[in-house]
There are 2 protein chains.
Amino acid sequence: MNKSTIPSPLQNQLLSALPSIDFERLAPHFELFSMALGEVLCESGELLNYVYFPTESIVSLLYQLEDGSSAEIAVVGNEGIVGISLFMGGETTPSRAVVQSAGYSYRLKAQILKKEFNRIGPMMHLLLRYTQALITQMTQTAVCNRHHSVEQQLCRWLLLSLDRLPDNDLRMTQELIANMLGVRREGVTEAAGKLQRAGLIEYSRGHIKVLDRPGLEKRVCECYKVVKLEFDRLLPARPQF
Amino acid sequence: MNKSTIPSPLQNQLLSALPSIDFERLAPHFELFSMALGEVLCESGELLNYVYFPTESIVSLLYQLEDGSSAEIAVVGNEGIVGISLFMGGETTPSRAVVQSAGYSYRLKAQILKKEFNRIGPMMHLLLRYTQALITQMTQTAVCNRHHSVEQQLCRWLLLSLDRLPDNDLRMTQELIANMLGVRREGVTEAAGKLQRAGLIEYSRGHIKVLDRPGLEKRVCECYKVVKLEFDRLLPARPQF
DNA sequence: AAAAGTCTGTTCGGTAGCGCACATACAAGA
DNA sequence: TCTTGTATGTGCGCTACCGAACAGACTTTT
């Protein structure tokens, strides 16, 4: 479906923010990696062999409860990296990493990343700042879960996804969105129907197109903006490819 | 009310986990700091001049929405530190740090901590591991907000507080607990009444005593255990004072 | 003792979201 | 074409929680 052009590692914003001397040192170790929708990069509590730098794919960090219900706690796209627990020192996390939007990423062997991190150079500082931005996303998710309606959360989710995609089409069923948001599928159907009737989106069988992004931004709760501003503040300006 | 004995910095578990050579280097810079209930250590977005290592006090990390409603995203006691954004590189965070249980802490000038962090020694690794544990607490809060009842969350909150206190008495009104959990005061009244009728707790006007801790642990959701296990896994065993 | 303030208990109507059941619609394969 | 599977729409009763109002109980101050 997507153009099948091979992306550059520089399409990942963390990598593109590296000084070229650091980037070049890592360049030989990048492996292009194609990720399918629904693929699990890392199970809860499992050791990661690689870290992943998405280019036009999106990875969802999910937490699954014992009773099977789940909730998304953060989303990682080309602004970030999957696998922060490797350099934070814990090696594993209780959450899972699941591909939410298929596409390429570049991956790096865990050892290579740790070695680079321990050089205490730009990569370390970038990764720590990124981690702080991710923390903001997680805390904002906590607050949003507590106080905002399904419709507001759907808007937030759509905008977060949109920010990480090259176009304005998402391939995603309402059922899957419901899993991410931790709500009923019917709740998503209702909220999405409302947005469609308002002309903001258009969807059909696992395919959502955003028609009116400013309209979504008017309906979304403050959580989206807080997260976005914090990412912009903490991470360097996004260079063009 | 509390014994007015002066605590040792070693009552903070991060500090007590430091090799003595590193601890001694910092020792001259610790300032004993007394914190009153409700005191705001750091406003949202404000630059911190100090980091705080609680000894028997508890600090709550709260996020406040534009409409005034709020939610606790994590709690910091003698196992941790307030001010992670200083070494993560972002300098500020969108959340506030508010004293939830009065008592002492030791504080350190921001510059001193950053210098220590940049030595790339035990302190850095400890702080990063602690940060990962804190992330787990935040994500679990997000999931708990989504899926669990007020009563379960109250149990979780009580147990988290209890773990960070020297005794089993908390001085805390239902109103304040409601602010932390991001629910109505009446909801807390109801849940607390239930727990009291079950003989698990006893409370009166801003004073809660836990009578049956195992009983609370039976009612709490899995979120408490997940967070606790992750803290135990990531942070070194707790030495006795 | 009286007054004022604070904390907790209770009630009541309203609503968002849940769980379930089922209907419809579209897609892909035999 | 028929079947099977998947995605979406809808209705219904239920529950947890909300918002507001108010009453009682305890504390502190005067």
Side-chain angles (χ1 to χ4, degrees), chain A residues 1 36-38 65 67-72 100 142-158 169-198 200-209 219 221, chain B residues 1 37-38 65 67-71 100 142-158 169-198 200-209 219 221:
Chain A
M1 300 289 162
L37 179 65
L65 288 171
D67 70 1
S69 58
S70 65
E72 182 178 84
Q100 179 206 304
V143 176
C144 199
N145 280 351
R146 161 65 63 223
H147 291 290
H148 297 137
S149 70
V150 170
E151 184 185 333
Q152 288 178 306
Q153 295 185 48
L154 176 59
C155 291
R156 173 174 63 84
W157 189 90
L158 286 171
D169 273 358
L170 2 177
R171 336 183 97 261
M172 179 63 51
T173 64
Q174 300 181 354
E175 175 88 43
L176 287 178
I177 296 178
N179 284 159
M180 311 257 191
L181 295 182
V183 299
R184 279 185 323 154
R185 196 263 313 160
E186 294 92 322
V188 173
T189 299
E190 199 184 333
K194 221 159 153 187
L195 296 181
Q196 172 150 272
R197 265 171 267 126
L200 304 180
I201 65 175
E202 192 181 81
Y203 63 87
S204 64
R205 295 184 71 74
H207 182 88
I208 304 184
K209 181 183 271 183
R219 296 198 174 213
C221 47
Chain B
M1 300 288 162
L37 179 65
L65 288 171
D67 70 1
S69 57
S70 66
Q100 178 205 305
V143 176
C144 199
N145 280 352
R146 161 64 66 220
H147 290 290
H148 297 137
S149 69
V150 171
E151 186 185 333
Q152 289 178 305
Q153 294 185 48
L154 176 60
C155 291
R156 172 174 64 83
W157 190 91
L158 287 171
D169 273 358
L170 0 178
R171 338 183 96 263
M172 178 64 51
T173 64
Q174 300 181 352
E175 176 87 43
L176 287 178
I177 296 178
N179 284 160
M180 310 258 190
L181 295 182
V183 299
R184 277 185 325 155
R185 197 263 313 161
E186 294 91 323
V188 174
T189 300
E190 199 184 335
K194 221 160 154 186
L195 296 181
Q196 172 150 272
R197 265 171 267 129
L200 305 181
I201 65 173
E202 193 181 81
Y203 62 86
S204 64
R205 297 184 71 74
H207 182 87
I208 304 183
K209 180 184 274 184
R219 297 198 172 213
C221 48

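These values consider heavy atoms only, across backbone and side chains, with no hydrogens, waters or symmetry-generated copies. Letters A, B, ... are given to chains in the order of the sequence lines, protein chains preceding strands, and every chain is numbered from 1.
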List, with names and distances, any nitrogen or oxygen atoms from the protein found under 3.5 Å away from nitrogen or oxygen atoms belonging to nucleotides 24-30 of chain C.
| residue | atom | partner | partner atom | Å |
| --- | --- | --- | --- | --- |
| C:dC26 | O2 | A:R205 | NH2 | 3.4 |

Need to verify one output field. Residue with the more 5' nearest nucleotide on DNA chain D, A:G193 or B:R185?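 Per heavy-atom nearest nucleotide, the more 5' residue is A:G193.
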With respect to the phosphate group of D:dC26, does any side-chain polar atom (N or O) of B:Y203 fall under 4.0 Å of OP1 or OP2?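 Negative; the distance criterion is not met.
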Quick one, which residues of residues 172-181 of chain B touch DNA chain D with a heavy atom under 4.0 Å?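 Result for residues 172-181 of chain B: none.
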Partners meeting salt bridge (Lys or Arg N to Asp or Glu O under 4.0 Å) with B:E190 (sequence neighbours left out):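 B:E190 satisfies salt bridge (Lys or Arg N to Asp or Glu O under 4.0 Å) with no residue once adjacent residues are dropped.
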Starting at atom [atom1] of [X], determine the distance to atom [atom2] of [N], rounded to an integer number of angstrom.
X      : N      : atom1 : atom2 : result
A:E186 : C:dG17 : CD    : P     : 13 Å
B:Q196 : C:dC7  : CD    : P     : 17 Å
B:E190 : C:dT11 : CD    : C1'   : 11 Å
A:L37  : D:dA7  : CG    : P     : 10 Å
B:K194 : C:dT8  : NZ    : P     : 19 Å
A:N145 : C:dG17 : CG    : C1'   : 13 Å

Identify each donor-acceptor pair in which a side-chain atom of residues 173-182 of chain A lies under 3.5 Å from a protein atom, sequence neighbours left out, and give them as a table.
| residue | atom | partner | partner atom | Å |
| --- | --- | --- | --- | --- |
| A:T173 | OG1 | A:L176 | N | 3.2 |
| A:Q174 | OE1 | A:T189 | OG1 | 2.7 |

Shorter than 3.5 Å, N or O on both sides, protein versus nucleotides 13-18 of chain D: list them out with atom names.
| residue | atom | partner | partner atom | Å |
| --- | --- | --- | --- | --- |
| D:dC17 | OP1 | B:V150 | N | 2.9 |
| D:dC18 | OP2 | B:R184 | N | 3.4 |

Drop me the distance from B:I201's CD1 to B:L195's CG, to the nearest 0.5 angstrom.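 CG of B:L195 is found 4.5 Å from CD1 of B:I201.
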Work out which heavy atom in [X] is nearest to a heavy atom in [Y]; give both atom names and the distance.
X      : Y      : result
B:A192 : B:L154 : N-CD2, 3.7 Å
A:Q196 : A:Y203 : OE1-N, 3.0 Å
A:M172 : A:L37  : CE-CD1, 4.3 Å
B:S70  : A:H147 : O-NE2, 3.0 Å
A:G187 : A:V150 : O-CG1, 3.9 Å

Examine distances only and state if a side-chain atom of A:N145 and a backbone atom of B:A142 form a donor-acceptor pair shorter than 3.5 Å.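 Yes, A:N145 side chain to B:A142 backbone: donor-acceptor pair under 3.5 Å.
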Scan A:R156, A:Q152, A:E151 and name whichever one has a side-chain contact (heavy atoms from CB on, under 4.5 Å) with A:R219.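 The side-chain contact (heavy atoms from CB on, under 4.5 Å) with A:R219 is passed solely by A:E151 among A:R156, A:Q152, A:E151.
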Once salt bridge (charged side-chain N to carboxylate O under 4.0 Å, His left out) is applied, what residue pairs with a partner in residues 179-189 of chain B remain, sequence neighbours excluded?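 The answer is none; no pair qualifies.
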